[in-house]
Amino acid sequence: MREVRKERVTVTMPAEEAAAVRRFVDAGGAESVSAYVAEAVRGRLARDRALLALNELYARRGVRMNAEHHAWAREVLGVAPAGPVS
């Protein structure tokens with residue numbers, strides 16, 4: 001398995017959420033806070049890339065997805081809005 005290059009970053013988040021992540025890690029739910037955050041970021045990137053690909057597929061057919069389309073998809077998939085995607 002190839003080693004992944006890592007980079008240290010600083011993230012600011014609400015204290016309550018940071019404490020919840022630490023409790024989860026302390027309970028053995030993740031290897032570390034960094035691992036927890038990296039997994040969350042991978043999930044968000046996967047969703048954003050999938051949405052971008054879907055938007056591109058629709059654009060090729062001349063259809064521009066609007067907020068109504070996105071709301072329907074979120075409802076069907078059972079996911080909360082994640083913010084705007086360009």
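Hydrogens, waters and symmetry mates are skipped; everything else that's a heavy atom, side chains included, is used.
Both V37 and L45 are assigned to one and the same hydrophobic cluster, defined by single-linkage of ILVMFWY side chains at heavy-atom distances under 4.5 Å. Neither V63 nor L51 shares a network with the other; the hydrophobic side chains, linked directly or stepwise wherever heavy atoms of I, L, V, M, F, W or Y lie under 4.5 Å apart, form separate groups for each.
Under a 4.0 Å N-O distance rule, the pair D26/R22 does not qualify as a salt bridge.
For the atom pair CZ of R5 and CD of E7, the computed distance is 6.0 Å after rounding to the nearest 0.5 Å. Separation of atoms CD (E31) and CD (E39) is listed at 11.0 Å; rounding is to 0.5 Å. Between the CZ atom in R8 and the OG atom in S34 there is a gap of 7.0 Å [rounded to 0.5 Å].
Of all non-hydrogen atoms in V33 and V25, the two that sit nearest each other are N-CG2, 3.7 Å. Closest approach of H69 to R64, counting heavy atoms only: CE1-O, 4.0 Å.
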As a quick check of understanding, evaluate side chain to side chain contact (heavy atoms under 4.5 Å, CB included) for L57 and R61, giving each step before the final call. CA-CA 7 Å; L57 287 172; R61 294 179 182 251; over 6 Å; no
